[in-house]
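Notes follow the structure.
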Amino acid sequence: MKSRISRRKFLQQATAVVLGTALLPNTIYASAKNPYKIGVIDLMMLKRQKISALDLTHELGADGVEVDMGGLGNRDTFDNKLADPATRKAYLDKLKALNIEICSLAMTGFYAQSLAKRATYQQMVQDCIDTMKAMRVKVAFLPLGIQCDLIQYPELRPVLVERLKVIGKMAAKAKVTIGIETALDATGEKKFLDDIGSTYIRSYFNFSNALKNGRDLHQELRVLGKDYICQIHCTDEDGVWLENNKRLNMIEVKKTLEEMGWKGWLVIERSRDANNPRDVRGNFGANTRYMKKIFQAS
């Protein structure tokens, strides 16, 4: 009798587990199954704010795409086509049809523009946040860029901290995350983030920054830790594909990220073949296949 009861309880418990798992939100289940997702960037695929970038993302086999907010120049805000409701709907419909995601929105206009000096920076960031909410995107990329390089211009640190505190409050209100990229090493960037003091401002880590400055990539990741990194640009400077890069061992990177307990989007930015840099399908296709082989192999 005891064995029958034990077996019956076992079956009941097993059924409960299966049903419970089935009732979990898809995002949680997907996260447990595939802790890493692979993304590409519309700007780097020469399709800035073009809906055809979604078709190409799907064709390459990536899980999603980082969509740029558009040019900035001397405008008060970004030249953002996604501000148009009809364009947004077209994007959302195609994302659903292709079963891919927008992993992040990118304010790459700040690569060349100064966050410390632009008078309308709040309008710019708010436009991005409004687009994030409308497109159901949780992360935005904000590079501090050339004019706000804190190694070259350390005197800008106070104003950048104050402006990013303001941006942090804006992000907190919308419950979104702004991922910044700085020229600082991991220790410096962590201290910078602590000075800003907002959990809604995190590091959008870039492998290339560590590698080109001769830093230990794995140590940089460990210093920041999982809670300070929201997303990762997971490539090096242009030259060779990821699979041929002798200074970037992606298998070891995966081990480091697993040890840290970090999971999320790994977004392919560069690592294009220097002999054929404009071969979008060739470069991003090869790197996507390699990243999925390393990070998503069962």
Side-chain angles (χ1 to χ4, degrees), residues 25-28 30-31 37-58 62-73 75-111 113 115 118-143 163-181 198-204 230-233 264-267 269:
N26 290 335
T27 52
I28 296 175
S31 177
K37 292 184 178 181
I38 309 303
V40 288
I41 301 175
D42 70 345
L43 177 66
M44 301 307 295
M45 297 192 301
L46 311 179
K47 289 183 176 292
R48 185 187 216 177
Q49 285 218 337
K50 294 181 180 178
I51 197 168
S52 58
L54 305 186
D55 295 292
L56 181 55
T57 298
H58 182 261
D63 303 305
V65 59
E66 180 176 288
V67 175
D68 198 74
M69 278 290 293
L72 192 49
R75 305 176 187 85
D76 286 342
T77 190
F78 300 98
D79 182 19
N80 177 25
K81 295 181 177 62
L82 294 174
D84 173 41
T87 301
R88 289 200 304 271
K89 184 178 185 305
Y91 264 76
L92 291 170
D93 288 346
K94 178 149 284 194
L95 287 164
K96 184 177 181 180
L98 297 176
N99 192 30
I100 58 174
E101 303 174 58
I102 295 178
C103 57
S104 45
L105 290 180
M107 293 180 272
T108 58
F110 281 109
Y111 269 126
Q113 300 291 326
L115 179 64
R118 291 299 297 260
T120 59
Y121 81 96
Q122 290 186 59
Q123 179 185 348
M124 298 168 184
V125 174
Q126 189 60 57
D127 284 350
C128 181
I129 290 174
D130 289 344
T131 305
M132 293 172 76
K133 291 170 65 178
M135 301 291 288
R136 300 190 286 275
V137 177
K138 289 297 185 181
V139 174
F141 171 50
L142 173 57
R163 288 195 169 199
L164 285 164
K165 283 182 177 181
V166 172
I167 292 171
K169 292 177 181 177
M170 295 164 65
K173 183 177 180 181
K175 294 182 171 59
V176 298
T177 298
I178 308 296
I180 64 170
E181 179 185 311
S198 171
T199 58
Y200 294 89
I201 306 291
R202 299 286 84 179
S203 172
Y204 199 132
C230 63
Q231 279 187 15
I232 294 175
H233 281 139
W265 282 93
L266 299 164
V267 184
E269 184 183 36

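- The closest donor-acceptor contact from the side chain of Glu181 to the backbone of Ser203 lies at 3.5 Å or more, if one exists at all.
- The pair Arg118-Asp76 does not meet the salt-bridge criterion, since no charged nitrogen lies less than 4.0 angstrom from a carboxylate oxygen.
- A salt bridge does not link Asp84 with Arg88: none of the charged nitrogens is closer than 4.0 Å to a carboxylate oxygen.
- Ser104 and Glu66 are linked by a side-chain donor-acceptor pair at a separation below 3.5 angstrom, with hydrogens and angles left out of the test.
- Side chains of Gln126 and Tyr121: no donor on one and acceptor on the other come within 3.5 Å.
- With Asp42 contributing its side chain and Gln49 its backbone, the two residues share a donor-acceptor pair below 3.5 Å.
- Residues Leu72 and Asp79 have side chains not in contact (no heavy-atom distance under 4.5 Å, counting atoms from C-beta outward).
- Side chain to side chain, Lys81 and Thr87 fail the donor-acceptor criterion of an N or O pair below 3.5 Å.
- Checking Asn80, Leu82, Thr77 one by one against Met69, the side chain to side chain contact (heavy atoms under 4.5 Å, CB included) holds for a single residue, Asn80.
- Residues meeting the salt bridge (Lys or Arg N to Asp or Glu O under 4.0 Å) test with Lys175, sequence neighbours left out: none.
- Remark: the backbone N or O of Met44 is not paired with any side-chain donor or acceptor of Arg48 at under 3.5 angstrom.
- Under the side chain to side chain contact (heavy atoms under 4.5 Å, CB included) test applied with Ile102, the options Thr131, Val139, Leu95 reduce to a single match, Leu95.
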